[in-house]
Amino acid sequence: MEQGTLAEKFELERCIQCKKCTRNCPSAKHGGIVPNEAVLGVREGRYDGDPWTCLMCHRCSMVCPKGIEVAGLVLALRNKEAESGNIPERFRRVYGNFRQTGDTMSIAGSVDEERNSLGLTKICRGPEVPGKLEIMSGRGTQ
Amino acid sequence: MKLFPGCTVSSRLPFVEAAVRYIAERLDIDLSPSGCNMCCFEPTGLRSVDPEMWRSVGSMVHSMNGGESIVTLCEGCNLSLSSSERALRTEEGAADASKRLSKVGMEFGIADVRGLLELLHENIDGIRRLSKSPADGTGAVFPGCHGEYAYKGRGGDAAGMMSEVLDAAGCKNVVIKKPMCCGGGLQGVEDGIAAGILQDTVGEFRDAGADFAVVSCVFCFRRLDISARYPVMHISEVVARSMGWEADVSRYHRTEL
């Protein structure tokens, strides 16, 4: 989605640049994304910041006095980056795990024993869920 | 009501599921296994990488629990599945999900997503009545960002609910009215930023005079316990212990309480 379309979708004309999103952004304080600049930049069709330095904590969305879904905007920017193949290695790895096993993390062989000692049933491993393999293969995606 | 533990609880922190089951039995809450115990397709990284897959997985989890309430034990799952639910409750979202599901032979359904904090808060009188052994010390209330956002979407105040549940369980607690985050969303992506954020949060806990943090998000639990080496308890653990749960869960606490 192009920046102009995003600006319309998220109704960025509502932004008054009060910077409340940035003041409440944990990442901005440490040199990461600056949410109000992302909103302004996309609104003006010139944003070239790095959306992967956002935590997706949604605090910007929670505090915006105009109700702008700032985190949703950043998510859309990340989707666009991902479409171009620009994906941080950690996310690429976790995504690969999901596509292969249906889980995002490796499951140690001892986990069932641990669960048993806590009175829990065996872990439900990824492909055991009916239909999951098909979803993982992308068959359920459009 | 169905229980949706999520990947982290199932494979890394199963004591949370055990504690919740203990609480549910004592409060006479019927918690059966979710019809689909799979990854919620995590809302931070995976949803960013493949939004189409996120829609499909959300549709599938809801389909397999259609018409039921599902209780999430991870605030990432809470956020991801609540966002799916919101989308599915629109005409466009429902049509999209039906189309995806028909390709894999499944039918459309919507589950009512709830977080653990909501379940505990709804049963606060029972918790108060059954609590006998409160935790020592003062816990810093830390629901985590995804929980705060998900509960806010349903009109709830995560920190307020958590504080009241802790009061009912006899656990002294302190609510810190500052934006705090575990930094987990940037772990492994921008480690310097993630570490700085985590240290800010731990600093707030210390300044507030807390002895440990209480979390409802298992990802925050791991960030505090493993990355910050700061003592942390999961809300389920605090409540279950106060009711007499005696399971040895020390192996899940790398930082001693």
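Predicted model, so just to flag it, every value in this text is computed and none were measured. Chain A is the first sequence line, chain B the second, and so forth, proteins listed ahead of strands; every chain is numbered from 1. Only heavy atoms go into these numbers, but all of them, side chains included; no hydrogens, no water, no symmetry mates.
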K.L.:
Which residues in residues 182-198 of chain B have any heavy atom closer than 4.5 Å to a heavy atom of chain A?
P.N.:
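Answer by number: B/Gly183, B/Gly184, B/Gly185, B/Leu186, B/Gln187, B/Gly188, B/Val189, B/Glu190, B/Ile193, B/Gly196, B/Ile197.
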K.L.:
Looking only at side-chain N and O atoms, does A/Tyr95 offer a donor or acceptor that is under 3.5 Å from a partner on B/Asp50?
P.N.:
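A pair is found: one side chain offers a donor N or O, the other an acceptor, under 3.5 Å apart.
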K.L.:
Taking atom types as modelled, find out whether B/Ser82 and B/Arg154 have a side-chain donor-acceptor pair closer than 3.5 angstrom.
P.N.:
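Short answer, yes.
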K.L.:
Without swapping roles, check the side chain of B/His62 against the backbone of B/Val113 for a donor-acceptor pair under 3.5 Å.
P.N.:
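No, B/His62 side chain to B/Val113 backbone: no donor-acceptor pair under 3.5 Å.
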K.L.:
Quick one: of B/Cys181, B/Ala18, B/Ser48, B/Pro43, who has the most non-hydrogen atom pairs under 4.5 Å with chain A?
P.N.:
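The answer is B/Ser48.
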K.L.:
Quiz question: by atom type and distance under 3.5 Å, do the side chains of B/Glu75 and B/Tyr151 form a donor-acceptor pair?
P.N.:
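Present: a donor and an acceptor within the cut-off.
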K.L.:
Can you list the residues that meet the ring pair (Phe, Tyr, Trp, His ring centres under 6.0 Å) rule with B/Phe142, with sequence neighbours excluded?
P.N.:
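Partners of B/Phe142 under the ring pair (Phe, Tyr, Trp, His ring centres under 6.0 Å) test: B/Phe205.
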K.L.:
Assess, by modelled atom type and distance only, whether the side chains of B/Glu42 and B/Thr44 contain a donor and an acceptor separated by less than 3.5 Å.
P.N.:
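B/Glu42 vs B/Thr44: donor-acceptor pair found between side chains.
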K.L.:
Under 4.5 Å, counting heavy-atom pairs only, tell me which of B/Arg21, B/Met180, B/Lys178 racks up the most with chain A.
P.N.:
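When all of B/Arg21, B/Met180, B/Lys178 are compared, B/Met180 has the most.
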K.L.:
Can you pull out the residues in residues 80-91 of chain A with any heavy atom less than 4.5 Å from chain B?
P.N.:
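Within residues 80-91 of chain A, the residues that come under 4.5 Å of chain B (heavy atoms only) are A/Ala82, A/Ile87, A/Pro88, A/Arg90, A/Phe91.
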K.L.:
Name the option with the most non-hydrogen atom pairs under 4.5 Å to chain B; the candidates are A/Arg59, A/Met56, A/Arg78.
P.N.:
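So the answer, after comparing A/Arg59, A/Met56, A/Arg78, is A/Arg59.
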K.L.:
What residue, out of A/Glu114, A/Lys29, A/Arg23, A/Arg92, has the most heavy-atom pairs lying under 4.5 Å from chain B?
P.N.:
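So the answer, after comparing A/Glu114, A/Lys29, A/Arg23, A/Arg92, is A/Glu114.
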K.L.:
Look at the side chain of B/Arg26 and the backbone N and O of B/Ile23, then say whether any donor-acceptor pair between them is shorter than 3.5 Å.
P.N.:
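Checking the backbone N and O of B/Ile23 against the side chain of B/Arg26, no donor-acceptor pair under 3.5 Å is found.
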K.L.:
Answer with side chain, backbone, both or neither: which region of B/Phe41 has an atom nearer than 4.5 Å to a non-hydrogen atom of chain A?
P.N.:
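Just its side chain gets close to chain A.
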K.L.:
Quick check on the 6.0 Å ring-centre criterion: do B/Phe221 and B/His253 meet it?
P.N.:
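Yes, they do, as the ring centres are separated by less than 6.0 Å.
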K.L.:
Report yes or no: do B/Ser56 and B/Arg100 form a side-chain donor-acceptor pair below 3.5 Å?
P.N.:
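There is such a pair between these side chains.
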K.L.:
Where along residues 62-69 of chain A does a heavy atom come under 4.5 Å of chain B, listed by residue number?
P.N.:
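Within residues 62-69 of chain A, the residues under 4.5 Å from chain B are A/Met62, A/Glu69.
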K.L.:
Does this structure show an ion pair linking B/Arg241 with B/Glu246, if we count only N-O contacts that are shorter than 4.0 Å?
P.N.:
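Answer for the salt bridge query: no.
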